[in-house]
Visitor: 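This is the structure I have questions about; it appears just below.
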2 protein chains.
Amino acid sequence: MAGRKARGAGSGAGITSRDVAKALNISQSTVSRAFTPGASISPALRDRIFAAAEKVGYRPNLLARGLIAGKSNLIGVVLARQTNLLYPELLYELSGRLAERGYQVLLFPIGDAASVQDAINRIWSFRVDAVLATGVLDEAAVSAFEQHGLPLVMFNRVFDLPISSVSCDFAAGARDLATRLLKAGHRDIGLVGGPEGSFVGAEVERGVRAALAGWADARLSVAHVDYRYESAAEALKLLRREDGGLPGALLCVNDTVAAGCLDQLRGTLGRTVPGDVSVVTFGGFGPARWQSYRLTGMQQPMDQMTDAAIELLVGRIADSQSGVERRSFLPVFMEGDTAAI
Amino acid sequence: MAGRKARGAGSGAGITSRDVAKALNISQSTVSRAFTPGASISPALRDRIFAAAEKVGYRPNLLARGLIAGKSNLIGVVLARQTNLLYPELLYELSGRLAERGYQVLLFPIGDAASVQDAINRIWSFRVDAVLATGVLDEAAVSAFEQHGLPLVMFNRVFDLPISSVSCDFAAGARDLATRLLKAGHRDIGLVGGPEGSFVGAEVERGVRAALAGWADARLSVAHVDYRYESAAEALKLLRREDGGLPGALLCVNDTVAAGCLDQLRGTLGRTVPGDVSVVTFGGFGPARWQSYRLTGMQQPMDQMTDAAIELLVGRIADSQSGVERRSFLPVFMEGDTAAI
DNA sequence: CTGAAAGCGCTTACAG
DNA sequence: CTGAAAGCGCTTACAG
């Protein structure tokens, strides 16, 4: 039982600036200044303080610093279930580059609608400096952030509301892809979109329709399914014409469902790709580039998008008056083996 | 310039328990008690406080609470570049289940050796309650945690040091896989291991050798490459015998490199799988189950492993005297199309 | 059940 | 360049 009142995590846990000050017979505020970049302190004393701090294992408590500075150096990331599947490198890259600027990423997973409100409450309670949201947030949730005055940046989702965002220009990419298909002679296009209400799905559809506008003899059918590999079978069922035929070209909103379509077509349905059917996609996810798939399509410039997200986040923290900014990035065409274009 | 002293993130940012207290003409400590589960307060007053808090948008500042409680409710996760690729669901599941227990995941990405020390310093500065580490940490880094008295749980890495860990039993799984290959008639096995010094690679090799011990006519060759898809070509080059032949069975440490081997064999090298060569793997990563791959092998019970990690983390926080515990989980055999076993 | 006071570990004017 | 003091927003004995 003895000693169980020792606070925190163990041996070095309770060391404060006061301990370092005592060891050196100086004031606590001087120790604090040694760890404050730009503060007025003699270099010699600072070196002694650093040495003493090193010896006793002192590190400034960032929670306390955050409390007084009104700045936690925490960036909240709202994480949806599929985020890591769609953007496997995002979290690592984002957190790495933010760390260089002194920020740490705090994760807020969201599931159903109930947990969204819960996550917002926790985000608020942790006094994060800004929030990046991937995945589904509705307008009500987004407004809640603004009410709290919390800088919010959306990733791959643009609202009509005044919210900053970084996104791939799916509409332009889809228009480009559809135009390539049309020029290659395709007139019957099937769109494998996201779930009903999906932002990406709507944008892609908009782009495809814009491309089709100039071609009177072209037709489009749309299937709304979720993003899973397994949903491809359902999508293909939905896209069948009355005569039982399938569109000669499939435009998919992401790699996973595109891979599913490819396997369905080549396997169960006995079609050749791109001989009988062309398949194009939005992606860049590793396996879509593996030799057995090599999907033709558009690749999101994730590297630039990540940098842009960081700039927006950090910019709004530095200057809370800085306005809403939407950055949109054109995807780049990616050669592959699945489309005759 | 006016109003630029407003602290924090904007409108609701500066609301404290004192504001709520003032609005209700009660003391600040009473407001605090309303938000402390189990604290002594009349239900009627608590309801009034909750209502007032709701109206002005007050939420307790968890940083301040953490400061005084000596407990931040933060769990640090050391994130390596390949973590999300190897375990795409880990972060979402882990953070979601921890959130249910009131903990938040704080990310600490690590790259080169320099950044490991840096990450440890930041972890320490944020006063996280415990740390889960995936990916590479050397013994020195691990010892640093123990010196600070920081509860540490390793994921899929076991040290000789007294460190808690959750891991898949790669050795047992590899022994099982190798035995299946041997019983199916294979006598020439190639191991595509992880990089030199990799824990998983060493464990798998140990397991395979244990299986081979009973079979005098069996032989094993080992190639150490990294985990990337592209490394498969190099691995196959390393595994060639002097007569130019390849082992009849390939045991790969993960899905990505196994998929690479499969594509190399079926593509460039013109072999049939599993006709000419059998390929088995450790994994469960989605694309390895897609129809074009359907890799045969062992699947890690990620769900149980995630739960175990949470129990260990939370357990050590609740009772810092709780001892070191290593939990090991047997992988389960996964049928597929790539091995004649 | 409620309030006044001390204190968590820091930063930051303010004097000297 | 350094120190004493106030205060960030909370929790928690201690009285009443």
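What you are looking at is a predicted structure, and each value in this text was computed from that prediction instead of being measured. Because only heavy atoms are used, hydrogens play no part in the values below, and waters and symmetry mates are left out as well, while side chains stay in. Chain naming here is simple, since letters A, B, ... match the order of the sequence lines and numbering starts at 1 in each.
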Visitor: Side-chain N or O of B:S27 less than 4.0 angstrom from OP1 or OP2 on C:dG3?
Guide: yes
Visitor: Using a strict cut-off of less than 4.0 Å between a Lys/Arg side-chain nitrogen and an Asp/Glu carboxylate oxygen, indicate whether A:R81 and B:E93 qualify as a salt bridge.
Guide: yes
Visitor: Does B:C168 offer a backbone N or O that forms a donor-acceptor pair with the side chain of B:N156 under 3.5 Å?
Guide: yes
Visitor: Contacts to DNA chain D from residues 41-53 of chain B, heavy-atom cutoff under 4.0 Å, which residues?
Guide: none
Visitor: For DNA chain D, which ranges pair as stems of 3 or more consecutive Watson-Crick or G-U pairs, with both donor-acceptor distances under 3.5 Å?
Guide: C:1-3 with D:14-16, C:5-12 with D:5-12, C:14-16 with D:1-3
Visitor: Send over the distance from A:D19 CG to C:dG9 P, rounded to a whole Å.
Guide: 8 Å
Visitor: Identify whether any heavy atom of B:S29 sits under 4.0 Å from a base atom; if not, whether one sits that close to sugar-phosphate; answer base, sugar-phosphate or nothing.
Guide: base
Visitor: For B:A64 and B:R33, find the nucleotide of DNA chain D closest to each by heavy atoms; which residue's nucleotide sits nearer the 5' end?
Guide: B:A64
Visitor: Taking A:A39's backbone N and O only, do any of them form a donor-acceptor pair with A:T36's side chain (distance below 3.5 Å, no angle check)?
Guide: no
Visitor: If we ignore angles and hydrogens, is there a donor and acceptor under 3.5 Å between the side chains of A:N84 and B:Y87?
Guide: no
Visitor: Rounding to an integer number of Å, can you tell me how far B:L24 CG sits from C:dC1 P?
Guide: 17 Å
Visitor: Tell me the interatomic distance from A:L67, atom CG, to D:dA6, atom P, rounded to whole angstroms.
Guide: 18 Å
Visitor: Which whole-number value in Å describes the distance from A:N61 CG to C:dC8 P?
Guide: 12 Å
Visitor: Please list, chain by chain and in numerical order, all residues satisfying side-chain contact (heavy atoms from CB on, under 4.5 Å) with B:A34, sequence neighbours excluded.
Guide: B:I41, B:R46, B:I49, B:F50
Visitor: Looking only at the side chains, is there a donor atom on one of A:T83 and A:T134 sitting less than 3.5 Å from an acceptor on the other?
Guide: yes
Visitor: Under a plain distance cut-off of 3.5 Å, with no hydrogens placed, do A:S32 and A:S29 share a side-chain donor-acceptor pair?
Guide: no
Visitor: Which nucleotide sits closest to the side chain of B:S32: D:dT12, C:dG7, C:dT11?
Guide: D:dT12
Visitor: What is the distance, rounded to the nearest whole Å, between atom CD1 of A:I68 and atom P of D:dA5?
Guide: 16 Å
Visitor: Quick test of your reading of the model: are A:R327 and A:E311 salt-bridged, counting only N-O distances below 4.0 Å?
Guide: yes
Visitor: Does any donor atom in the side chain of A:S17 or A:Q28 lie under 3.5 Å from an acceptor atom in the other side chain?
Guide: yes
Visitor: Whole-Å distance between C:dC10 P and B:F126 CZ?
Guide: 14 Å
Visitor: Heavy atoms only, 4.0 Å cut-off, all strands: where does B:I26 land among base, sugar-phosphate and nothing?
Guide: sugar-phosphate
Visitor: Do A:F159 and A:F199 have ring centroids that are under 6.0 Å from one another?
Guide: no
Visitor: May I have the distance from A:R127 (atom CZ) to D:dC8 (atom P), rounded to whole angstrom?
Guide: 14 Å
Visitor: Looking only at the side chain of B:T30 (C-beta and beyond, no hydrogens), which of the listed nucleotides C:dT2, D:dC1, D:dT11 gets closest?
Guide: C:dT2
Visitor: Check every strand shown and say whether B:S17 touches a base, only sugar-phosphate, or nothing at a heavy-atom separation below 4.0 Å.
Guide: sugar-phosphate
Visitor: Whole angstrom is fine here: how far is it from CZ in B:F35 over to C1' in D:dT12?
Guide: 17 Å
